[in-house]
Amino acid sequence: MSGTISFNEIPSGWKVPGAYAEVANGTSNNSVTGVPLRALIIGVLGSGAGVAGAVYRNVTPSLASVLAGPETVAARAVKAFNTDAPYTALDLVLVASASGSASAVWTVTPVLSTSAVAGQVALQVNGVRIATAVTAGMTAAALGAAIAASFTAALQTQTGVTCAVSATTGALTLTATEKGGWTSDIDVRQSTLSEDTTAGVSFTIAATTPGAGWPDMSPAITATSHTWYTDIASCLYDQANLTTFATELSRRFNAMVKLDAQGYVSTRMTYSQALALGDTLNSRFLTVLPANGALFEPAVAAASYAAVASAALNTDPSRQLRGLELTALAGLGPDDADRFDMDMRQQLLSTGMSTFLVGQDGTVTIERAITTNQT
């Protein structure tokens, strides 16, 4: 080996035969060759027929529904990825739920005043609008029963939530079908659309039990440790798993591994929480898209983000991702009051958090995509 060449990651005394290379800053006049694009989603096994730790190749939304369970966030994440990148090869690996996990529970109480008039109201659960007609003189018990009747099996699959109703008060108990901390990030609200607003009719919504339990993604990492994925989206985004994810992405980049990948996650959190999270992360290969009060689930946003970014960067690695639409999230962005303003987004970008914009037509577009690398 020439004495003019030095390496930072390849040991000088390495004796195992083979061709080894590492990536370093430099310039080249050669064009970039194409990369075989393949993505991976790490999810959690629900009621499906899949096996934890098994790697399922070339999954479709229908297959993911069978493997993970139709009501799972993993199935909805695969559907979102397929919406934004239908021709990208996608694999799925699932981990088992953590012991002692719990489902998030909400109580939704209809409130009708004596001045209530006929019209229409609607709940929005996980971005799905559930509209119900209101008749003059309708009781809270009748309104609750009408909403509960709308929760068909298909709607439960869409929302990831089951619904029970009190026959006497009309109070609804919504329970996430999965068990885990991420179920707390399912959005439950009253629709504010003009057609869903009726004088004298409202809902009191309370998150009565938070979701609990985050499984360790390590078994999924072990199952895929020797497979090259260009892009990996994780449905798990708690602090412990973010650290594990960043460590795995760094391992993959090492010259002795040669399985470099870009990791994607999203989170549902306030501005101050996003800033605090940014201070704990420092990875060249992990990108985080925080949102406050969005209708979409973080795992669904991560999958959409990964789908759009991976396809665009595979076509042109030097392009900015600014302005690219996250089609799977259309109409599901935060309301005006919940969006991060320009000053907030400046600070978020300064702490390694990526940002997005919501258009007047409801489109969600990437404003700036960065990694969490800060030092």
Tell me yes or no: between the side chains of [X] and [Y], is some donor less than 3.5 Å from an acceptor?
{"X": "Ser354", "Y": "Thr287", "value": "yes"}
{"X": "Ser350", "Y": "Gln347", "value": "no"}
{"X": "Asn126", "Y": "Gln158", "value": "no"}
{"X": "Asp91", "Y": "Tyr56", "value": "no"}
{"X": "Asn82", "Y": "Tyr87", "value": "no"}
{"X": "Thr371", "Y": "Asn373", "value": "no"}
{"X": "Asp84", "Y": "Thr327", "value": "yes"}
{"X": "Glu71", "Y": "Ser47", "value": "yes"}

Do side-chain atoms of [X] reach the backbone of [Y] as a donor and acceptor pair under 3.5 angstrom?
{"X": "Thr198", "Y": "Val201", "value": "no"}
{"X": "Thr208", "Y": "Val105", "value": "yes"}
{"X": "Thr351", "Y": "Asp279", "value": "no"}
{"X": "Gln374", "Y": "Leu281", "value": "yes"}
{"X": "Thr222", "Y": "Ser218", "value": "yes"}
{"X": "Arg251", "Y": "Ser225", "value": "yes"}
{"X": "Asp335", "Y": "Ala337", "value": "no"}
{"X": "Thr177", "Y": "Gly160", "value": "yes"}
{"X": "Thr224", "Y": "Thr227", "value": "no"}
{"X": "Ser310", "Y": "Ala306", "value": "yes"}

Does Asp231 pair with Arg38 as a salt bridge, N-O distance under 4.0 Å?
no
For the pair Asp341 and Arg339, find out whether any cationic side-chain nitrogen is under 4.0 Å from an anionic carboxylate oxygen.
no
Taking the side chain as everything from C-beta on, heavy atoms only, tell me whether [X] gets closer than 4.5 Å to [Y].
{"X": "Val161", "Y": "Trp106", "value": "yes"}
{"X": "Thr162", "Y": "Leu174", "value": "no"}
{"X": "Val44", "Y": "Cys235", "value": "no"}
{"X": "Met256", "Y": "Ile10", "value": "yes"}
{"X": "Thr363", "Y": "Asp361", "value": "yes"}
{"X": "Val95", "Y": "Leu236", "value": "yes"}
{"X": "Asn58", "Y": "Leu63", "value": "no"}

Identify the residue among Thr365, Leu289, Leu324 that makes a side chain to side chain contact (heavy atoms under 4.5 Å, CB included) with Phe356.
Leu289
Partners passing side-chain hydrogen bond (donor to acceptor under 3.5 Å, both in side chains) against Asp260 (at least two apart in sequence or in another chain)
none
Which heavy-atom pair separates [X] from [Y] by the least distance, and what is that distance?
{"X": "Thr157", "Y": "Arg76", "result": "O-NH1, 3.8 Å"}
{"X": "Ser101", "Y": "Ala98", "result": "OG-O, 2.6 Å"}
{"X": "Ala171", "Y": "Thr109", "result": "CB-OG1, 4.1 Å"}
{"X": "Leu67", "Y": "Leu94", "result": "O-CD1, 3.9 Å"}

Answer yes or no: are there more than 12 heavy-atom neighbours, outside [X] itself, under 6.0 Å from its atom [atom1]?
{"X": "Arg189", "atom1": "CZ", "answer": "yes"}
{"X": "Glu22", "atom1": "CD", "answer": "yes"}
{"X": "Arg129", "atom1": "CZ", "answer": "yes"}

Can you name the salt bridge (Lys or Arg N to Asp or Glu O under 4.0 Å) partners of Glu367, sequence neighbours left out?
Arg345
Is there a path of hydrophobic side-chain contacts, each under 4.5 Å between heavy atoms of I, L, V, M, F, W or Y residues, that connects Ile366 with Met353?
no
Please collect all ring pair (Phe, Tyr, Trp, His ring centres under 6.0 Å) contacts where either partner lies in residues 260-285, sequence neighbours excluded, each pair once.
Phe253-Phe285, Tyr264-Tyr305
CD-OG1 distance between Gln120 and Thr135, expressed to the nearest 0.5 angstrom:
13.0 Å
